[in-house]
Amino acid sequence: MVNRLVLFVSGICCMFFMACGTSPDVPRERIDFTEGWRFRLGDTPEAADADFVDEEWRMLNLPHDWAIEGDFSKDNPSGTGGGALPGGVGWYRKTFVPEKSDVDKKIRIVFDGVYMNSDVYLNGVLLGHRPYGYITFGYDLTPHLKWGEKNVLAVRVDNSEQPNSRWYSGCGIYRNVWLVKTASVHVGEWGTYVTTPVVNESEAVVNVQTIVFNETDASTQITVCSSLFDAENKCVAKADTLCTVGGGTDTITVQQLKVASPQLWGIEEPYLYTLVTELFDGDRCVDRYETPVGIRTFSFDAEKGFSLNGKPMKINGVCMHHDLGCLGAAVNIRAIERQLEILKEMGCNGIRCSHNPPAPELLDLCDRMGFIVMDEAFDMWRKKKTTHDYSRYFNEWHERDLRDFILRDRNHPSIFMWSIGNEVLEQWSHADADTLSLEEANLILNFGHSKDMLAKDGEMSVNSLLTKKLADIVKQLDPTRPVTAGCNEPNPFNHLFRSEALDIIGYNYHNVNVPDVPANFPGKPFIITESNSALATRGYYRMPSDKVYIWPERWDKPFTDSSYSCSSYDNCHVPWGNTHEETIKLIRDNDFISGQYLWTGFDYIGEPTPFGWPARSSYFGVVDLAGFPKDAYYLYQSEWSDKQVLHLFPHWNWKEGQDVDMWCYYNNADEVELFVNGKSQGVRSKTPDCLHTVWRVRFEPGSVKVVARKAGKIVGEKELRTAGEPARIRLTPDRSQLAADGKDLSFITVEILDKDGNLCPNADNLVNFNVKGDAFIAGVDNGNPISMERFKDTKRRAFYGKCLVVVQNKGKKGMVHLMAMSDGLQPADVEIVID
Ligand code: GAL
């Protein structure tokens with residue numbers, strides 16, 4: 001039995017001396033446990049045993065995704081929806097020797113995410129099984145450890161039953177792994193909860209709950225010392241609370257810290273404080289734990305939409321899946337940071353973690369970079385979307401998974417709302433409430449309903465009750481943020497809406513129904529949880545550009561177009577979606593809409609709508625899989641950001657005499673004028689109805705140029721020239737200095753140029769790479785959704801003139817030299833410093 005004593009002490013400093021926040025040698029250590037694992041693809045049940053010999057197995061560092069190393073095949077069970085890459089069962093093993101001097105400590109292993117169905121063994125003892133591939137979980141190793149001797153961790157990962165996802169999941173221990181050492185008296189896992197109940201210009205009240213575990217047999221007196229540090233590492237508030245924690249129990253303390261003239265967390269300046277929690281046994285510090293803190297206020301209003309720190313603003317967000325293109329699902333901080341940098345540059349200020357708990361590193365970055373996050377738990381509940389998906393585990397695991405998800409994430413200032421599900425099939429008003437047996441209903445809902453109550457007309461349906469149950473779990477753990485869900489059915493009969501448990505009405509698409517929201521849901525805030533699903537292939541243009549292609553044409557028939565390409569003018573979208581411009585205008589003109597999360601920021605592997613095989617990755621991104629912006633990126637940049645934008649497209653390599661539609665996205669100018677080989681093609685301006693300008697011109701080789709003017713003065717010019725034959729390669733690294741940490745990356749853009757330095761917009765030359773020095777090629781890509789080339793390779797074809805090579809350091813300082821060669825082209829090279 002665990003006794004809980006709740007103490008409340010307001011923010012006064014303790015009477016005796018303690019160097020809060022400065023103790024150097026406290027026992028908590030969070031050790032990166034990703035190095036030196038052995039891996040084997042295939043089921044090897046004997047590998048659970050401590051004595052199993054794994055010398056022949058491959059040695060690698062985590063995070064690792066074995067699927068991304070494989071070949072595309074239409075026969076892979078994931079199907080094209082899952083990316084057509086392999087699945088299967090894999091085993092990981094790691095040998096380690098815990099130091100005898102740690103014998104009094106508690107040792108826990110934490111997996112940020114394993115896809116999926118993991119079994120973890122220590123020295124042959126099964127520690128636990130976890131089905132959900134996106135959840136963070138851990139086990140106490142202490143009872144089974146052999147101090148000072150060889151110990152073996154073995155992890156079985158089973159992603160053999162597919163499809164289990166509507167997008168690419170990856171396979172393996174694809175997120176980080178940590179070994180956490182603490183004293184027997186310690187702050188619990190996810191053991192602090194920080195809220196800011198009062199925030200004004202002169203003061204903020206920071207509420208801190210801390211859970212202290214005492215894993216000894218004896219009762220002990222502990223002082224919980226909470227110190228808040230500003231970004232300059234100055235202690236701005238502190239509180240100490242003395243508490244008694246019985247042996248084998250835990251205690252929660254509640255403290256209030258007062259911060260004078262608080263610096264607020266915002267999109268432009270995401271100011272972070274750090275809460276340092278220290279536990280003192282007398283004057284001995286026995287634990288030290290850090291929590292990032294952001295002080296901000298926000299509201300979702302039924303009429304005025306979203307406000308942050310008292311200022312109304314639109315959430316200009318994007319949905320993202322978790323894969324990192326050619327790196328697969330394997331987490332890499334720099335790769336996530338690069339995605340966020342590219343999106344931030346576009347003016348994006350929000351991320352929806354669709355449709356599952358993300359890597360913690362993504363949330364850390366969103367805290368630091370300033371994004372409004374919608375954190376999402378599930379893509380399905382009880383009703384399945386793919387044959388082997390999480391619905392199989394929902395009844396047994398949803399409470400645990402939802403709780404752990406909220407507990408892990410609730411201190412992130414970047415999170416502004418929780419989503420309990422995306423397009424769950426339980427929402428539909430025609431979904432039969434009686435598909436559940438009474439027994440099952442009571443099992444998942446946890447309360448005793450009679451069959452009559454469930455079936456009675458006008459009563460809450462099972463599905464509404466389930467919605468309420470999930471929302472209540474969230475509210476119990478975090479009452480400070482609204483709960484929403486990404487729905488489809490846009491009317492009040494939807495079971496999720498009928499539950500009245502959602503604080504924000506959220507639905508995907510259905511732009512035509514949006515104007516009815518205030519009438520249908522009086523008094524409820526609203527957000528477009530997912531929008532557009534516009535389709536584009538970078539570099540591909542289908543004319544006339546004023547014809548809109550709605551693809552796939554029919555749900556029930558396979559759709560093919562021999563191009564396997566979608567037009568990059570904003571003139572192609574799915575039947576349930578819209579063009580980018582349509583949604584931007586809808587949101588601009590309706591104050592009640594809090595904003596949108598457009599589908600999607602980046603292309604992702606899997607779900608190659610509207611096509612089937614050989615297409616194997618999405619067309620939805622405004623940025624392609626390799627990280628190269630498509631044209632719509634500049635539409636958003638012109639509307640969402642203050643950056644000066646003048647983007648003219650497409651390229652200027654066409655058949656002589658052909659009519660070509662030239663589009664321009666711009667801002668901060670009154671008018672734009674187009675010139676073909678110096679001859680004006682007319683002056684145009686955007687209108688509130690049309691957010692781009694267009695000229696239909698006759699192609700003649702040479703130059704096309706746009707000139708932007710404001711108050712009669714030229715404020716920008718952009719010229720595109722007809723490119724000649726491919727002649728040389730240009731390499732442009734995003735960073736040419738990397739940390740020598742074994743993880744840092746350089747993303748190098750490879751372009752095929754003509755002899756005069758013009759990008760060859762149709763070039764598809766095969767480029768070979770060679771690295772000298774302590775680095776390796778972590779992946780290659782070109783953004784082509786139908787390429788069958790491997791992501792883990794040392795060569796790649798250009799796609800519409802470009803490809804990408806990603807170089808990873810090996811943890812040693814020095815100089816790295818990357819060379820790029822292609823038949824008939826002048827090679828290129830670049831140097832990267834590893835420091
Ligand atoms: C939505 C769904 C997304 C994605 C998208 C494609 O309905 O929520 O996960 O499938 O459609 O258009």
Side-chain angles (χ1 to χ4, degrees), residues 78-83 133-134 163-169 317-323 329 350-358 374-381 383-386 389-391 419-428 484-490 494 496 505-514 527-537 548-555 559 566 570 572-580 582-583 596-612 615-625 630 632 785:
S78 58
T80 52
Y134 297 112
N164 58 49
S165 175
R166 299 185 302 109
W167 57 88
Y168 175 74
S169 62
V318 302
C319 297
M320 290 286 278
H321 276 317
H322 67 309
D323 78 58
I351 301 290
R352 177 183 179 204
C353 307
S354 42
H355 304 297
N356 50 260
M374 179 195 291
D375 205 5
E376 189 152 77
F378 305 117
D379 189 46
M380 73 295 289
W381 294 348
K383 290 176 186 272
K384 66 178 172 216
K385 293 183 174 175
T386 55
D389 67 21
Y390 180 78
S391 62
S419 164
I420 53 176
N422 173 60
E423 297 188 351
V424 296
L425 300 178
E426 284 80 355
Q427 70 181 292
W428 294 100
T484 190
C487 290
N488 309 79
E489 189 176 6
N494 177 320
L496 270 57
I505 298 298
Y507 60 71
N508 300 349
Y509 311 99
H510 296 93
N511 279 8
V512 290
N513 303 90
V514 168
I527 186 161
I528 304 181
T529 34
E530 193 174 312
S531 59
N532 300 347
S533 276
L535 300 161
T537 305
V548 176
Y549 300 86
I550 300 187
W551 286 357
E553 281 156 359
R554 279 181 57 166
W555 276 108
F559 177 78
C566 296
D570 185 10
C572 188
H573 62 79
V574 296
W576 54 94
N578 288 89
T579 64
H580 295 288
E582 280 164 346
T583 307
Q596 65 167 322
Y597 288 98
L598 77 92
W599 192 264
T600 47
F602 272 59
D603 276 337
Y604 50 94
I605 307 172
E607 209 180 32
T609 313
F611 306 114
R616 47 64 175 170
S617 58
S618 92
Y619 294 75
F620 293 118
V622 284
V623 180
D624 77 10
L625 197 63
K630 302 180 190 175

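These numbers come from a predicted model, not from an experiment. All ligand and atom numbering here is 1-based and tracks the order in the structure. Numbering of residues begins at 1 and proceeds along the displayed sequence.
- Among His322, His355, His321, the single residue meeting the ring pair (Phe, Tyr, Trp, His ring centres under 6.0 Å) criterion with Tyr134 is His322.
- In this pair, Tyr604 and Trp599 present their aromatic rings perpendicular. The plane angle is above 60°, beyond the 30 to 60° band.
- Shown in contact with Trp576 at under 4.0 Å from a heavy atom are these atoms of ligand 1, numbered in order with element: 11 (O), 12 (O).
- For Arg166, a nitrogen or oxygen atom sits less than 3.5 Å from a nitrogen or oxygen atom of ligand 1, counting backbone and side chain alike.
- Set against the non-hydrogen atoms of Glu423, the atoms of ligand 1 under 4.0 Å away are 1 (C), 2 (C), 7 (O), 8 (O).
- The atoms of ligand 1 that sit less than 4.0 Å from any heavy atom of Tyr509 are 1 (C), 5 (C), 7 (O), 11 (O), 12 (O).
- Using a 4.0 Å cut-off between charged nitrogen and carboxylate oxygen, Asp603 and Lys630 count as a salt-bridge pair.
- Of the N or O atoms in Trp599, none lie within a sub-3.5 Å distance of an N or O in ligand 1.
- The protein atom (non-hydrogen) at minimum distance from atom 3 (C) of ligand 1 is Glu530 OE2, 3.2 Å.
- For NZ of Lys384, the number of neighbouring non-hydrogen atoms (other residues, nucleotides, ligands) closer than 6.0 Å is 12 at most.
- With respect to Asn532, the side-chain hydrogen bond (donor to acceptor under 3.5 Å, both in side chains) criterion is satisfied by exactly one of Thr600, Asn511, Asn578, Thr583: Thr583.
- Of the listed residues (Pro552, Cys572, Ser533), just one forms a side chain to side chain contact (heavy atoms under 4.5 Å, CB included) with Pro610, and that residue is Pro552.
- At least one N or O atom of His355 sits closer than 3.5 Å to an N or O atom of ligand 1.
- Taking a cut-off of under 4.0 Å to the non-hydrogen atoms of Asn508, the atoms of ligand 1 that pass are 8 (O).
- In terms of protein heavy atoms, atom 12 (O) of ligand 1 is closest to Ser533 OG, 2.5 Å.
- Ranking protein heavy atoms by distance to atom 10 (O) of ligand 1, first place goes to Glu607 OE2, 2.5 Å.
- Between Glu530 and Trp576, the closest side-chain pair of non-hydrogen atoms is not below 4.5 Å.
- Tested against Asn422 for a side-chain hydrogen bond (donor to acceptor under 3.5 Å, both in side chains), the candidates Asn356, Thr529, Asn488, Asn508 yield a single pass: Asn508.
- Not a single heavy atom of Thr609 lies less than 4.0 angstrom from ligand 1.
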